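What follows is a short report on a single structure.
Side-chain atoms are counted along with the backbone in the values below, which use heavy atoms only and exclude waters and symmetry mates. In the text below, chain A, chain B and the rest are named by the order of the sequence lines, each starting its count at 1. Everything numeric here is computed off the predicted structure, so don't read it as measured data.
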Number of protein chains: 2
Amino acid sequence: MTLKDLAKELGLSPTTVSRALNGFPEVSEATRKRVVAAADAYGYRPNMRARSLATGRAMAIGHVLPLSSEHEMMNPVFADFVAGAGEIYAKAGYDMLISIVAEAEQARAYEEFKHKGSVDGIIVHAPRMGDPRINLITEVDIPFVVHGRASQSDVPYSWVDMNNQRAFQRATTHLLDLGHRRIALVNGLENMDFAIRRRRGFEAAHEARGVPHDDSLKFSGEMTEQFGHDTTRALLARPDAPTAIISSSMIPGIGIRRAIREAGLEMGRDVSVIIHDDDLSYLPNGGDEPLFTATRSSVRDAGRRAARMLLDIITSGDTTPRTDLLEAELILGPSTGPAPVAARMTDIS
Amino acid sequence: MTLKDLAKELGLSPTTVSRALNGFPEVSEATRKRVVAAADAYGYRPNMRARSLATGRAMAIGHVLPLSSEHEMMNPVFADFVAGAGEIYAKAGYDMLISIVAEAEQARAYEEFKHKGSVDGIIVHAPRMGDPRINLITEVDIPFVVHGRASQSDVPYSWVDMNNQRAFQRATTHLLDLGHRRIALVNGLENMDFAIRRRRGFEAAHEARGVPHDDSLKFSGEMTEQFGHDTTRALLARPDAPTAIISSSMIPGIGIRRAIREAGLEMGRDVSVIIHDDDLSYLPNGGDEPLFTATRSSVRDAGRRAARMLLDIITSGDTTPRTDLLEAELILGPSTGPAPVAARMTDIS
DNA sequence: CATGGAATCCAAACCGTTTTGAATGGGGGC
DNA sequence: GCCCCCATTCAAAACGGTTTGGATTCCATG
């Protein structure tokens with residue numbers, strides 16, 4: 001059932017039918033009702049391809065994800081971010097196009113998105129530091145919003161991001177306040193922008209308190225359970241073992257907890273742990289009570305905000321860059337406590 | 001730069017240019033070369049919407065995910081499955097359209113996919129038992145492949161699935177062979193088809209060995225760490241505590257491990273644990289050595305297979321249902337061992 | 001020297017919408 | 001009764017490709 005068929009059925013021209021269905025004022029209320037009634041009697045749905053072609057709007061948003069090689073980690077927050085964005089798109093009648101493309105081919109991917117006309121805007125995921133993609137898409141001249149930021153990017157752009165630095169500064173400060181003086185950082189890969197900001201926050205907290213930070217206590221790697229476990233085991237075997245650990249994600253946090261237990265120690269008493277909690281729906285940080293003390297910021301909510309921002313840029317046509325900085329909450333759980341006295345003593349001595 | 005512009009630039013008709021670029025035989029090799037050269041000199045990309053409209057093929061596959069309400073679990077395997085499918089689509093020049101839609105509106109969603117003409121085929125995720133969607137899409141008459149199966153569906157359809165029953169039967173049999181007689185099952189929600197099959201495998205193994213299975217040892221719920229932990233804690237507090245636990249996913253498995261440790265017991269010695277491992281890239285079951293004894297089947301690989309199957313159905317036009325049943329491997333890790341003698345004794349007595 | 005056929009190329013129709021520009025009819029003002 | 005304007009409606013031209021059904025040229029064949 002095409003528009004033409006429907007028009008013939010009603011004895012009207014395609015023009016009038018189209019206008020009736022799209023709410024234009026030049027059509028009488030009587031015929032509009034007649035058309036609408038017939039439309040859903042016949043179950044008519046406009047063909048999006050044809051409409052897109054005519055209007056120039058694709059009614060779709062593209063998400064470009066870097067294709068992770070076999071051994072690289074698939075971004076674990078992606079599913080939740082997309083779920084949040086998808087909610088917004090669905091309400092606004094937009095589709096979501098996802099393309100997974102190797103790092104080297106990203107340039108072409110954006111250009112194709114534009115020229116193929118399959119999307120009206122793009123969400124950029126997982127920016128690296130000084131990510132070249134930003135300049136690239138800016139040149140292509142298609143609306144986009146970045147989830148995260150790319151330090152050292154020279155062009156202005158729109159983004160939604162969590163205040164990574166502030167979150168980790170607060171977490172670190174909290175541990176310092178509890179008397180901890182040797183704190184380890186288990187961070188994500190430091191080619192990712194968020195990881196760099198988190199380390200900066202970690203260091204800034206030390207500096208603000210005049211406590212030196214030890215480079216040998218800072219680790220970065222793929223955020224797996226194994227990574228958390230192995231680094232913690234190594235740390236606890238050292239004579240100058242830290243009394244607290246901050247982890248960039250809950251997954252290594254679980255490995256940290258395991259290593260602490262294996263060492264015969266207790267989390268929250270012998271070693272304090274703070275994780276960052278993306279509030280992933282499939283990995284909740286406990287139920288009524290949290291499992292870990294955590295900085296929490298919902299990545300699903302970030303997805304919703306980024307989607308709203310992008311749709312607003314597209315529909316308003318106002319491309320002046322806008323930004324949305326989310327603050328993480330600091331949630332207290334059983335995984336932190338005052339620094340053990342023994343450690344504090346030896347440290348002070 | 002449109003096809004017409006390019007044609008004018010070359011002094012050729014749009015017909016010839018189109019044919020040259022699409023490899024039709026009716027164009028001389030000389031002009032083809034000239035056209036191709038000009039095309040990528042000008043950076044010409046055909047507009048997909050126009051092409052789709054003309055050819056009737058959308059060159060896109062739709063994935064429909066149930067919109068999880070705030071409290072429901074977002075399917076944790078989704079990200080990896082999609083990554084696998086995306087690889088295949090990218091190679092074949094297809095786009096991936098994802099739409100997240102509430103359970104109640106799924107019917108309309110499929111119909112719209114068809115009539116809007118935005119996709120050539122559909123992948124159906126997370127089928128429930130007797131899932132009504134299967135009949136629905138069959139009626140809509142658009143190629144589709146189901147990831148998983150829906151028991152009690154009366155119409156034949158194409159699917160890619162893991163042999164859930166066999167995997168859990170093997171895991172259970174292995175525990176029985178180790179002397180365990182009271183085995184608990186920590187399963188996913190039993191409105192999901194895979195969960196039902198896994199329970200059947202669990203029960204079949206008992207029956208094959210003539211060991212009774214106790215309904216009070218079977219649990220199903222959202223597969224969170226907390227769920228694994230809480231049920232295990234309750235189990236271990238019972239006088240007739242099980243000596244082994246099978247978990248439907250690694251995430252509750254981690255909670256199971258935590259509860260075992262909290263009870264002062266050791267996993268693999270006092271309580272054996274087998275998990276099912278979807279081989280998720282961001283939640284590997286250990287590194288060189290596994291953390292858990294596990295039934296393993298890569299969900300990313302399933303995504304690749306489903307995508308290949310669907311593309312083949314679409315391009316061949318042969319819609320006779322095809323199926324692909326993947327067998328899980330049983331991987332031995334440190335989380336299992338012979339049943340403790342004490343338990344075995346009291347059981348025998 | 002026609003004739004047929006292969007090899008190339010092109011004009012025009014088509015895909016299903018929206019949108020432009022014009023036509024039609026009815027009613028109000030004079 | 002005439003004119004103008006407004007409210008409706010429509011025919012036709014986009015949008016950017018593909019595809020159908022010829023045209024044209026060139027060469028070999030009889």
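Rounded to an integer number of Å, the gap from CZ of B:Arg19 to P of C:dA11 is 13 Å. In this structure, NZ of B:Lys4 is placed 12 Å from P of C:dA11, rounded to the nearest angstrom. Between the C1' atom of D:dG17 and the CG atom of B:Leu53 lies a distance of 8 Å, rounded to the nearest Å. Atom NE2 of A:His115 is separated from atom P of D:dG16 by 13 Å (rounded to the nearest Å). Atom C1' of nucleotide C:dG16 and atom CG of A:Leu21 are separated by 13 Å, given to the nearest angstrom. The CZ-P distance, from B:Arg34 to C:dC9, rounds to 9 Å in whole Å. Spacing between atom CZ of B:Phe24 and atom P of D:dG17 amounts to 15 Å, rounded to whole angstrom units. Atom NZ in B:Lys8 sits about 14 Å away from atom C1' in C:dA11, given to the nearest Å.
At least one side-chain nitrogen or oxygen of A:Ser13 sits closer than 4.0 Å to the OP1 or OP2 atom of D:dC10. Distances shown here put a side-chain N or O of A:Tyr44 below 4.0 Å from the OP1 or OP2 atom of C:dT17. A close approach under 4.0 Å does not occur between any side-chain nitrogen or oxygen of B:Thr55 and OP1 or OP2 of D:dT18. The phosphate of D:dG16 (OP1 or OP2) has no side-chain N or O of B:Thr2 nearer than 4.0 angstrom. In terms of phosphate contacts, A:Thr31 brings no side-chain nitrogen or oxygen within less than 4.0 Å of OP1 or OP2 of D:dT8. For D:dT18, the OP1/OP2 oxygens have a side-chain nitrogen or oxygen of B:Asn22 closer than 4.0 Å. Side-chain nitrogen and oxygen atoms of A:Ser28 include at least one within less than 4.0 Å of the OP1 or OP2 phosphate oxygen of D:dT9.
The nearest heavy atom of DNA chain D to B:Ala54 and to A:Leu12 marks one nucleotide each, and the one closer to the 5' end goes with A:Leu12. Between A:Met1 and A:Glu26, it is A:Met1 whose nearest contact on DNA chain C lies nearer the 5' terminus.
A donor-acceptor pair under 3.5 Å is absent between the side-chain atoms of A:Asp278 and the main chain of A:Leu280, judged by distance alone. Side chain of A:Asp80 to main chain of A:Ser281: a donor-acceptor pair is present (N/O by atom type, distance under 3.5 Å, no hydrogens or angles). The backbone N or O of A:Met309 sits nowhere less than 3.5 Å from a side-chain atom of A:Asp312 that would complete a donor-acceptor pair.
Evaluation of atom-type donor-acceptor distances gives a pair under 3.5 Å for the side chain of A:Thr15 against the base of C:dT19.
No engagement by B:Arg57 is indicated, since no non-hydrogen atom pair under 4.0 Å with the nucleic acid exists. Note on B:Arg49: nothing from the nucleic acid sits closer than 4.0 angstrom, heavy atoms only.
Between A:Glu105 and A:Arg108 there is a salt bridge, since at least one side-chain N of the basic residue sits less than 4.0 Å from a carboxylate O of the acidic one.
For A:His63 and A:Tyr89, the gap between ring centers is short of 6.0 Å.
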